[in-house]
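Working notes for the structure below.
The shown structure was predicted, so the numbers you read here are calculated from the model rather than taken from an experiment.
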Amino acid sequence: MIRFDEALALVAQAARPIGPETVSLATARGRILAAAVASMMDAPPANVSTMDGYAVRERDLGHERALHLVGTSWPGAGFTGAIGARQCVRIFTGAPLPDGADRVVIQEIVERVDDQVRVREALGFERHVRPRGSDFRTGERLLEPGRPLDHRTLVAAAGADVGEVRVWRRPRLSILATGDELEEPGHARETPGRIPESVSLGVAALAEQWGADIIRRQRLKDNPTAITAVAEEALVGSDLVVMTGGASVGEKDFAKEVFASLGLEIVFSRVAMKPGKPVWFGCVGDQLVMGLPGNPTSALVTARLLLAPLIAGLGGRDPTSALLWQRAHLAEALPACGDRETFARGRRTDGRVQPLSSQDSGSQRALAEADLLIRRSPGASAAAAGDVVDILDF
């Protein structure tokens with residue numbers, strides 16, 4: 001059995017990007033750039049107006065001097081000619097300035113009668129012109145490799161006239177849930193002794209949040225032959241297989257045994273953490289395999305702490321970016337820890353951290369109530385209300 005930090009280091013070592021692919025910008029949300037994004041055009045592509053008004057030559061703006069209106073410049077359909085002495089062009093926000101113009105006079109200070117335009121008030125300092133290329137120039141690097149593509153970066157890439165981006169491929173994940181007692185949610189009450197299979201749904205949701213594509217989620221009985229057949233199928237086409245349940249040392253805990261028959265090379269088999277001691281990790285050829293405990297809270301805690309960084313790394317992120325610990329004050333006391341690193345569930349309340357009253361590894365209600373994990377070192381003494389602790393978004 002190894003310490004949590006040792007297990008995390010081994011996971012991070014295995015969490016290397018799978019490989020790049022090119023995708024359309026429209027489907028790139030949440031992906032991680034594998035190559036820099038450079039602009040394909042100047043932005044803006046011409047000198048453009050930032051206001052509705054009139055494009056003029058500043059040297060023509062004498063006191064009470066009338067200008068002759070010769071046309072209109074619309075966004076996407078600019079005035080095609082050039083303005084000469086004492087001429088102006090009606091212009092709208094985002095429209096290109098006509099040749100010869102160097103300033104926009106806002107419409108609020110202009111008096112217009114037919115094609116005669118007169119400036120009624122003193123001009124301010126602002127010229128209301130956004131120069132060509134003032135945002136970025138053709139060929140300029142806008143986004144560097146490793147950058148996540150979100151609502152802000154997608155706007156920048158699209159504004160640079162980029163239609164496709166090179167990104168790291170999402171890891172393909174299969175989830176196998178084992179247990180004779182498990183039944184599909186909505187049907188467990190129909191058979192005495194059955195309980196709803198809830199863990200794989202939570203693991204799948206967490207995995208998708210961190211960038212995985214779920215290609216298989218299947219519930220299995222505790223039958224080694226059947227599990228082996230499905231596990232062998234799941235390894236084909238998956239980058240990572242997660243098995244929930246069967247990770248302990250009971251008579252029907254077949255997880256490691258099944259994958260051992262398929263060539264499993266174990267990286268670690270147990271971790272000194274609470275909850276989640278039975279979590280294990282290994283590989284079958286190039287495919288990674290992680291075994292999570294069957295208890296709901298144990299499964300979700302270990303998935304958050306070890307599966308999330310693994311998926312993040314496989315998808316091109318820094319694995320450690322999944323575990324951004326913060327510091328916070330306790331709202332009430334916590335008891336002393338045993339000999340395992342402990343991750344208590346808690347929630348934020350009035351700017352402090354409130355440990356949940358139930359820390360049972362099988363609790364499902366507590367999962368809905370918790371929004372953070374509280375990290376405590378092995379052998380830590382009791383913590384009092386007001387003490388500072390390490391916390392992680394759950």
Report yes or no: does [X] contribute a side-chain atom to a donor-acceptor pair with the main-chain N or O of [Y] at less than 3.5 Å?
{"X": "Ser261", "Y": "Val258", "value": "yes"}
{"X": "Asn295", "Y": "Ser361", "value": "no"}
{"X": "Thr153", "Y": "Asp150", "value": "yes"}
{"X": "Glu197", "Y": "Ser200", "value": "yes"}
{"X": "Arg112", "Y": "Val117", "value": "no"}

- [ ] Take Val199 and Leu292, measure what side chain to side chain contact (heavy atoms under 4.5 Å, CB included) needs, and give me the verdict at the end.
- [x] CA-CA 10 Å; Val199 173; Leu292 303 179; 5.8 Å; no
More than 12 heavy atoms of other groups within 6.0 Å of [X] [atom1]:
{"X": "Asp5", "atom1": "CG", "answer": "yes"}
{"X": "Arg189", "atom1": "CZ", "answer": "no"}
{"X": "Met40", "atom1": "CE", "answer": "no"}
{"X": "Arg348", "atom1": "CZ", "answer": "yes"}

Would you kindly say whether [X] and [Y] are connected by a side-chain donor-acceptor distance under 3.5 Å?
{"X": "Gln87", "Y": "Arg57", "result": "no"}
{"X": "His187", "Y": "Glu190", "result": "yes"}
{"X": "Thr27", "Y": "Ser24", "result": "yes"}

TODO: Kindly confirm or rule out a cation-pi arrangement of Arg376 over Phe343, judged by NZ or CZ under 6.0 Å from the six-membered ring centre and within 45° of its axis?
DONE: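 The answer is no, since Arg376 fails at least one limit relative to Phe343.
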Result block: side-chain N/O donor-acceptor pairs under 3.5 angstrom for residues 10-23, not counting sequence neighbours:
unit_1, atom_1, unit_2, atom_2, d
Arg16, NH1, Ala12, O, 2.9
Glu21, OE2, Arg31, NH2, 2.4
Thr22, OG1, Arg166, NH1, 2.9

Open item on the list: Assigning hydrophobic clusters by single linkage (Ile, Leu, Val, Met, Phe, Trp, Tyr; side-chain heavy-atom cutoff under 4.5 Å), is Leu310 placed with Leu373?
Closed with: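 Yes.
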- [ ] I would like to know whether Arg137 and Glu140 meet salt bridge (Lys or Arg N to Asp or Glu O under 4.0 Å); could you show each step before the answer?
- [x] CA-CA 6 Å; Arg137 290 285 189 180; Glu140 185 176 345; over 6 Å; no
Identify all side-chain donor-acceptor contacts of residues 93-100 below 3.5 Å with residues at least two apart in sequence or on another chain.
unit_1, atom_1, unit_2, atom_2, d
Thr93, OG1, Asp52, N, 3.3
Thr93, OG1, Asp52, OD1, 3.0

Task: Result of checking Arg375, Lys274, Lys277, Arg3 against Glu341 for salt bridge (Lys or Arg N to Asp or Glu O under 4.0 Å) - done: Arg375
- [ ] Could I get the full list of ring pair (Phe, Tyr, Trp, His ring centres under 6.0 Å) partners for Trp74, not counting sequence neighbours?
- [x] Phe92
